[in-house]
Amino acid sequence: MPIDTAVIIVQALLGIFFIFTGTTIGSGKMADQFKRLGLPSFFNLLTGSIELAGAAGMIVGIWIPVAALLAGLLLGSTMLVAAFMLVALARDSFVKALPALILCILSYAVAAVVYML
């Protein structure tokens, strides 16, 4: 499978995933998780909006590469902060931060590959 095809598949999967999570977070369904981290309630809407914007960028980025580059950097950074907060603020185990780290790596990988193409 050519690298272009693999990147498009990852972009589509990330886009779909972040549409789901962005909608869930933005609607306040994860408010308890944000409260546990000591964050004010507007972080639900802020984080949900960031994830939805990143999702849109990933999907649009299939045709407009600069959108995928920016979305990859945005989502990768968001997931890196999420992982840090889980471990440092919530004192969760590294295992609980692993999904956020995997999403971080995938998002940064899309950005890197799109940048190099």
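Because only heavy atoms are used, hydrogens play no part in the values below, and waters and symmetry mates are left out as well, while side chains stay in. Given the structure is predicted, the values throughout are model-derived calculations rather than measurements.
Between Phe17 and Met58, every side-chain heavy-atom pair lies at or beyond the 4.5 Å cut-off. Looking only at side-chain heavy atoms (C-beta outward), Ile50 and Leu74 come within less than 4.5 Å of each other. Two residues are said to be in side-chain contact when any heavy atoms from C-beta on lie closer than 4.5 Å; Gln11 and Val7 meet this criterion. You'll find the side chain of Tyr108 reaches within 4.5 Å of the side chain of Leu73, heavy atoms only. Counting only heavy atoms from C-beta outward, the side chains of Pro40 and Phe34 never approach each other to under 4.5 Å.
The structure places CZ of Phe20 at 12.0 Å from CG of Leu52, a figure rounded to the nearest 0.5 Å. In this structure, CG in Leu89 is found 10.0 Å from CZ in Arg36, a value given to the nearest 0.5 Å.
Cluster annotation: Phe84 and Leu103 are assigned to distinct hydrophobic clusters (Ile/Leu/Val/Met/Phe/Trp/Tyr, side-chain heavy-atom contacts under 4.5 Å, transitive). Residues Leu101 and Leu75 share a single hydrophobic cluster, defined by chaining ILVMFWY side chains whose heavy atoms lie under 4.5 Å apart. If you chain together hydrophobic residues whose side chains sit under 4.5 Å apart, Leu98 and Met79 fall into the same group. Transitive grouping of hydrophobic side chains (ILVMFWY, heavy atoms separated by less than 4.5 Å) brings Met30 and Phe43 into a common cluster. In terms of hydrophobic clustering, with Ile, Leu, Val, Met, Phe, Trp and Tyr side chains grouped at heavy-atom distances under 4.5 Å, Ile9 and Ile16 are assigned to different clusters.
Counting only distance, with no hydrogens or angles, the side chain of Ser27 and the backbone of Thr24 share a donor-acceptor pair below 3.5 Å.
Scanning both residues, Glu51 and Thr21, for their nearest heavy atoms gives OE1-OG1, 2.5 Å. Looking at every heavy atom in both residues, Ile59 comes nearest to Ile19 through CD1-CD1, 3.8 Å. In plain terms, the two heavy atoms of Ala71 and Gly54 that are nearest each other are CB-O, 3.4 Å. Taking both residues in full, the closest heavy atoms of Leu69 and Ala111 are given as CD1-O, 3.4 Å, listed atom of the first, atom of the second, then distance. Here the shortest heavy-atom pairing between Gly76 and Ser107 reads N-CB, 3.5 Å. Here the shortest heavy-atom pairing between Ala55 and Gly15 reads CB-O, 3.3 Å.
Applying the salt bridge (Lys or Arg N to Asp or Glu O under 4.0 Å) rule to Asp4 yields no partners; only residues at least two apart in sequence or on another chain are considered.
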Leu106 vs Val110, side-chain contact (heavy atoms from CB on, under 4.5 Å): CA-CA, chis, key distance, verdict: CA-CA 6 Å; Leu106 288 173; Val110 167; 5.8 Å; no
Check the pair Gln33 / Leu39 against side-chain contact (heavy atoms from CB on, under 4.5 Å), numbers first and verdict last. CA-CA 9 Å; Gln33 181 73 3; Leu39 298 172; over 6 Å; no
